There are 2 protein chains.
Amino acid sequence: MTPARDARAHVAILDDEPEIRRMLSDTLEEAGFRTSTFSRATEFEAALKRTAPDVCLVDLGLPDRDGLALVHRLALESGAAIIIISGRAQVQDRVTGLELGADDYIIKPFDPAEVVARIRARLRKTRSDTDRTATVAHFAGWTAHFDRYLLVSEAGEEVAFSHAEGEVLRLFLDSPKRLVSRAQMQEILGGAAGESFDRAMDVRISRLRTKLGEDPKNPRLIKTIYGAGYIFLGDVRWG
Amino acid sequence: MTPARDARAHVAILDDEPEIRRMLSDTLEEAGFRTSTFSRATEFEAALKRTAPDVCLVDLGLPDRDGLALVHRLALESGAAIIIISGRAQVQDRVTGLELGADDYIIKPFDPAEVVARIRARLRKTRSDTDRTATVAHFAGWTAHFDRYLLVSEAGEEVAFSHAEGEVLRLFLDSPKRLVSRAQMQEILGGAAGESFDRAMDVRISRLRTKLGEDPKNPRLIKTIYGAGYIFLGDVRWG
DNA sequence: GCTGCCTGTTACAATTCGTAAGGTTTACGC
DNA sequence: GCGTAAACCTTACGAATTGTAACAGGCAGC
């Protein structure tokens with residue numbers, strides 16, 4: 001149903017030094033991660049609109065943006081684990097970095113092996129509850145059976161959903177309570193770029209909302225973020 | 001009144017040095033955690049059967065048990081976040097500690113403030129992915145529901161706010177009674193630099209003020225500091 | 001062929017939010 | 001006090017974004 005996603009965890013690396021980018025990227029690829037590297041914050045942010053990495057490695061000493069402010073925004077908006085890499089070794093730096101939402105703080109110079117270990121530690125906690133093979137999900141009084149294309153309400157009502165609707169629903173259930181941009185949807189659902197795909201997406205979501213019994217004026221599960229994407233509220237439990 | 005369940009997160013401390021135990025315990029209590037301390041692994045394990053802490057701080061240099069083995073068991077059996085505290089500073093030590101299931105590794109001697117920050121970082125992710133970002137805030141007779149984009153007054157009136165307005169409101173509620181400069185807003189709200197962003201910001205704030213029912217002549221909640229920024233007055237309570 | 005279902009497309013309505021423009025307030029020098 | 005410049009507020013407007021109804025093509029099964 002979902003297109004064969006890359007099973008490897010995706011690590012985004014933001015550092016202005018090419019040496020370090022390459023070193024990190026090589027080490028991480030070797031350790032079994034998928035990586036993408038960026039030298040500038042703007043570039044990095046643009047990429048985040050298209051794809052949602054599992055971990056972000058962020059160097060604080062960026063030329064084009066205040067690193068801490070970037071971390072703060074990431075922490076609020078992205079579901080990724082955020083690991084700061086920094087030359088600033090003062091305790092106060094580490095404390096403020098962590099308070100602003102970073103999940104870890106690694107000091108330069110660092111040992112690549114430790115970076116790998118710390119990334120793994122983060123992924124264990126973040127990812128553990130996402131069973132990739134699961135076919136049943138519970139949320140907001142509904143039970144979705146992806147193998148039978150069926151939604152079952154608490155009262156026992158059954159509502160069938162289609163393949164296209166299921167793709168969207170699964171995408172939402174895979175990352176509840178975080179922003180899913182249209183670009184990400186396009187990437188994952190494999191739509192052709194362009195204006196018309198947006199309309200198709202709208203329609204898919206509209207139909208899904210109807211089946212979930214959402215009030216059009218005031219949807220409680222699938223929220224629209226104007227100019228940014230959608231966010232699925234509701235606690236999700238797979239299995 | 002029935003004793004309310006202790007809402008504070010519970011940190012279990014296992015260290016054989018009384019000095020350190022006391023120091024950690026004092027700092028953490030002061031930081032708003034509930035603590036319990038243990039000097040021996042056996043004692044600690046016995047306690048775990050009765051109560052499930054949210055975080056375990058474990059010193060590796062224990063007299064009565066191999067610390068790493070203990071960490072490994074904890075990682076498998078307990079849902080707590082595990083933070084190793086150790087005098088062993090080699091990269092290899094850290095890597096094996098993390099691989100065995102620890103969530104963080106702090107080297108002695110450490111700064112208490114960093115321990116607090118790292119514990120908080122762990123709790124953010126572990127505690128329940130759901131309230132990663134708090135979603136309800138009370139202030140000045142209002143209750144803001146960020147998940148529903150709704151302000152509810154004491155009288156029960158509901159006022160919807162948009163995403164852009166919510167961003168600003170959240171920024172204020174995150175740092176009440178402190179000056180928030182326009183530069184900070186720009187960084188955090190991710191606006192492009194330039195004159196035009198200032199005007200946009202003005203409008204956002206104006207609209208927010210209107211929804212909060214502020215008297216334009218005499219705003220009580222969002223105060224303008226001419227030439228510097230804004231300051232949000234009003235006591236904020238999250239949750 | 002026909003029928004039913006799924007899904008994209010079109011068209012139009014509704015909403016959001018930045019921008020422009022003009023008014024008001026503040027700070028500061030006189 | 002007054003004048004001026006800069007900062008700030010508000011309103012109205014319009015471009016961009018999103019929602020949804022209605023239509024049409026495609027593809028199964030019969």
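Basis for what follows: all heavy atoms, side chains included, without hydrogens, waters or symmetry-related copies. Quantities reported herein were computed from a predicted structural model and do not represent experimental measurements. Throughout, protein chains are lettered first and strands after them, A, B, ... in sequence-line order, and every chain is numbered starting at 1.
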Mind calculating the distance between [atom1] ([X]) and [atom2] ([N]) to the nearest angstrom?
{"X": "B:Ile205", "N": "D:dA7", "atom1": "CD1", "atom2": "C1'", "value": "13 Å"}
{"X": "B:Asp202", "N": "C:dT26", "atom1": "CG", "atom2": "C1'", "value": "14 Å"}
{"X": "A:Asn218", "N": "C:dT16", "atom1": "CG", "atom2": "P", "value": "11 Å"}
{"X": "B:Lys223", "N": "C:dT26", "atom1": "NZ", "atom2": "C1'", "value": "13 Å"}
{"X": "A:Asp198", "N": "C:dT7", "atom1": "CG", "atom2": "C1'", "value": "16 Å"}
{"X": "B:Glu167", "N": "C:dT16", "atom1": "CD", "atom2": "P", "value": "15 Å"}
{"X": "B:Leu208", "N": "C:dC17", "atom1": "CG", "atom2": "P", "value": "12 Å"}
{"X": "A:Gln186", "N": "D:dT18", "atom1": "CD", "atom2": "P", "value": "13 Å"}

**Message:** Less than 4.0 angstrom from a charged side-chain N to a carboxylate O is my criterion; do B:Asp202 and B:Arg182 meet it?
**Reply:** yes
**Fill in**
Taken in chain and number order and not counting sequence neighbours, the residues that satisfy side-chain hydrogen bond (donor to acceptor under 3.5 Å, both in side chains) with B:Lys223 are none
**Item:** side-chain hydrogen bond (donor to acceptor under 3.5 Å, both in side chains) against A:Lys49, all qualifying residues, sequence neighbours excluded
**Value:** none
**Asked** Base, sugar-phosphate, or nothing: which does B:Phe161 touch, judged by heavy atoms less than 4.0 Å apart?
**Response** nothing
Would you tell me if any nitrogen or oxygen in the side chain of [X] comes within less than 4.0 Å of OP1 or OP2 on [N]?
{"X": "A:Ser206", "N": "D:dT20", "answer": "yes"}
{"X": "A:Tyr149", "N": "C:dC5", "answer": "no"}
{"X": "A:Thr224", "N": "D:dG19", "answer": "yes"}
{"X": "A:Arg204", "N": "C:dT7", "answer": "no"}

Any chance you could measure [X], atom [atom1], to [Y], atom [atom2], to the nearest 0.5 Å?
{"X": "A:Arg122", "Y": "A:Asp54", "atom1": "CZ", "atom2": "CG", "result": "13.5 Å"}
{"X": "B:Phe161", "Y": "B:Phe146", "atom1": "CZ", "atom2": "CZ", "result": "5.0 Å"}
{"X": "A:Leu221", "Y": "A:Asp215", "atom1": "CG", "atom2": "CG", "result": "11.5 Å"}

Between [options], which nucleotide has the shortest distance from any of its atoms to the side chain of [X]?
{"X": "B:Tyr226", "options": "C:dC17, C:dT19, D:dA7", "result": "D:dA7"}
{"X": "B:Arg207", "options": "C:dG8, D:dA12, D:dT18", "result": "D:dA12"}
{"X": "B:His163", "options": "C:dC17, C:dG18, C:dT7", "result": "C:dC17"}
{"X": "A:Arg182", "options": "C:dT19, D:dC9, D:dT18", "result": "D:dT18"}

Taking only N/O atoms, report every protein-nucleotides 11-14 of chain C pair under 3.5 Å with atom names and distance.
none

**Asked** Relative to each other, are the rings of B:Phe172 and B:Tyr230 parallel, tilted or perpendicular (30° and 60° limits)?
**Response** perpendicular
